[in-house]
Amino acid sequence: MSPGGPERRARGLRRELRHHSYLYYVRNRPEISDERFDELFRELKALEASHPELVTPESPTQRVGAEPLDAFETIEHTAPMLSLDSSADVEPLERFDERMRKALGDDIGYVVEPKLDGASIELVYESGRLSRAVTRGDGIRGEGVTENIRTIHSVPLRLRAADREVPPLLALRAEVIMRVGDFEALNARLLDSDRAPFANPRNAAAGSLRQLDPRITAARPLDIYVYDILAIDGRPPPTQQATLEALREWGLPVNERCRPAADVREILAFQAKIEEGRDDLEYEIDGIVIKLDDIAARDEVGETSHHPRWAFAFKFPPRKEVTRLLRIVPSVGRTGVVTPIAFMRPVELGGVTVSRANLHNREEVARKDIREGDRVRVQRAGDVIPQVLERIDEPGRERKPPWVMPTECPSCGTALEPRGPYTFCPDLFACPAQLAGRIQHLGSRHALDIEGLGEETASLLVREGVIARVPDLFALEAATLMELEGFAEKSATNLVRAIDAARTTELARFIYGLGIPEVGVTVARELASHFLSFEAFREAAAEGEAAAEGEALQEVDGIGPRMAEEITAFLARPEVSAVVDELRACVEPEPPPRAGDTLAGLRIVLTGGLESMSRSEAGKKLEALGAKVTSSVSKQTSYVVAGENPGRKLERAQTHGVEILDEAGLLELLRGGPAALSAPDDTPEAADAAPETGAP
Ligand code: IVH
């Protein structure tokens, strides 16, 4: 045993190992061989094994092996971990700079840093020892993942005090990352053992941090960069540059690409340089962060509850990625267009995992010469569907033969018809794929809005043969549904009820729900307010057929000759016409309210004789103001107007709890709308009567 006994030797070994760990993991500048390091490590382990009382929590041997937790503790942050104001455009960055100059004058400076795409974490050092690590959580409190953070070799368990005094309390903000190479190796390992891979390095880092068993985290190749002091007991460094320097001196890993920048020009130059080298960086970044250098000035500009006003994240524009195209599958949409869909090896694009893209049509596939098995570049801009931009040449690699559009519909086997670059399945209503698509569309939010009739259910109903034609939807019975997989009594009755409720709907919704080519939500609304009844619209479309130019349709805002022609041609098809007839028999579309329609949305039943006018006259007056006059009383009835010798309708009104008006009430209604009635006028019907301006 060395002089001074085991305690002294253990201390010496710890110090030595800590130093070499720091040189290796933080500075990336090892001074001894891996073998020598392992030798020292083994010696310390052996010493601690024979003298367990010598083990300290900060011993380099204590990075692995803590017992699994049952759950993470929720811990409040030392100071709120705010988010960042961000944009990918230059203008908001310029405005940020202007705000800073306005508040502080022109004598300001920034520090620009790579914006690391990892998991944000708070590290707390008390008396120089790592005491806790907390995930960002909601910014106020997060999960205590101290044991997991301890397994990251570049995280010092004890701060270095050699070059700078260590404050009693130091709370830091850092980003846990996984290097791209390590991420890929980890995913390969996961796949080998039949486990789900991570979508991107950020998820891998965050997922690895949230392991209840620290031994799993220890086996994950995590790294960390520290970039901010959240709280300090003592005087903080005066600038961001000094902060980064202090962090380095305490032995913490600081990103080596942080730079001072004087103004927007220098910021943009930094950004350009970083972006240029982005693909060569061994870790993922999603932009740069610009921070006011002067810490005291930060207090002057302050913060919102969301982000500090002294920092700004300038994000990179959406990324393009390269992946492999696995298969091209033709997919039949609701309108019969057969679209080639690219199935690709999943790839992360601007925070989203992409595995499919629309290849639009067979000409596009041919033009780009995209084949199964090719390497392709994909792009995602905003939230639009990803695009396959191009294929990447792989010299020497044998390619599959060009992709060809099938000649028969993959869903129903009907011979496909080319129309320009597109390909159609002509079997509009019997093709199962189109039928399911049409049913889903009819039930969609802007159409009849039938809750519970989504893509899956529509496909199921068609696949199981419960629906063979669109109007069958209105004959569905709960008992039939309950026999289908995934339906229970409640879901079955709910769907039938939702379908029933759709039997009266706004005209625009009905028109849109028919899935007429070219008729989207806006056009449907224009058609409804122009024609006011479905029959008038249909007649106008049929006139177009006769004149072969759809003139009456073209009077509608936004409808040109080509659109009119499409609408006319679609409605004139015998199979369309038959389905529309049947649907019309099931659904009652109501005209949209017009300006001055004070009674819009009201359903009124007249019964008994009136003194001041005849019943039919009263009906006309009510209808002229937008009310709907019906002959039978139901729960949907807003008012029953009861004159002399009312019939059974009065009784029905009473049993349904429908409000009853006498002739005076009718006159008030005609004069001033429902608001004029002295009776309680806050019935739901009255409230609903306000003309709707929103989307159908
Ligand atoms: S400073 C209050 N600097 O970006 C200011 N954040 O989108 C604290 N991030 O949650 C943030 N690199 O996790 C800062 N060099 C850097 C960063 C950085 C990555 C993360 C951070 C934050 C997120 C905001």
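When a ligand or atom number is given, it counts from 1 through the structure's own listing order. Here, residue 1 is the first one in the sequence, and each next residue gets the next number.
With sequence neighbours excluded, no residue satisfies ring pair (Phe, Tyr, Trp, His ring centres under 6.0 Å) with Phe183. Every residue meeting the ring pair (Phe, Tyr, Trp, His ring centres under 6.0 Å) condition with Phe312, not counting sequence neighbours, appears here in chain and number order: Phe96.
Although no hydrogens or angles enter the test, the distance criterion places no donor-acceptor pair under 3.5 Å between the side chain of His360 and the main chain of Pro340.
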Distance-only criterion, 3.5 Å: show the donor-acceptor pairs between side-chain atoms of residues 82-90 and protein atoms not counting sequence neighbours.
unit_1 : atom_1 : unit_2 : atom_2 : d
Ser87  : OG     : Asp89  : N      : 2.9

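Ring planes of Phe37 and Phe41: parallel class, angle under 30° (limits at 30 and 60°).
Using a heavy-atom distance under 4.0 Å as the criterion, the protein contacts of ligand 1 are Leu84, Glu113, Pro114, Lys115, Leu116, Ser120, Arg173, Glu175, Tyr227, Val289, Lys291, Pro308.
By the neighbour-count criterion of 12 heavy atoms within 6.0 Å, atom CD of Glu394 is densely surrounded, having more than that number from other residues, nucleotides or ligands.
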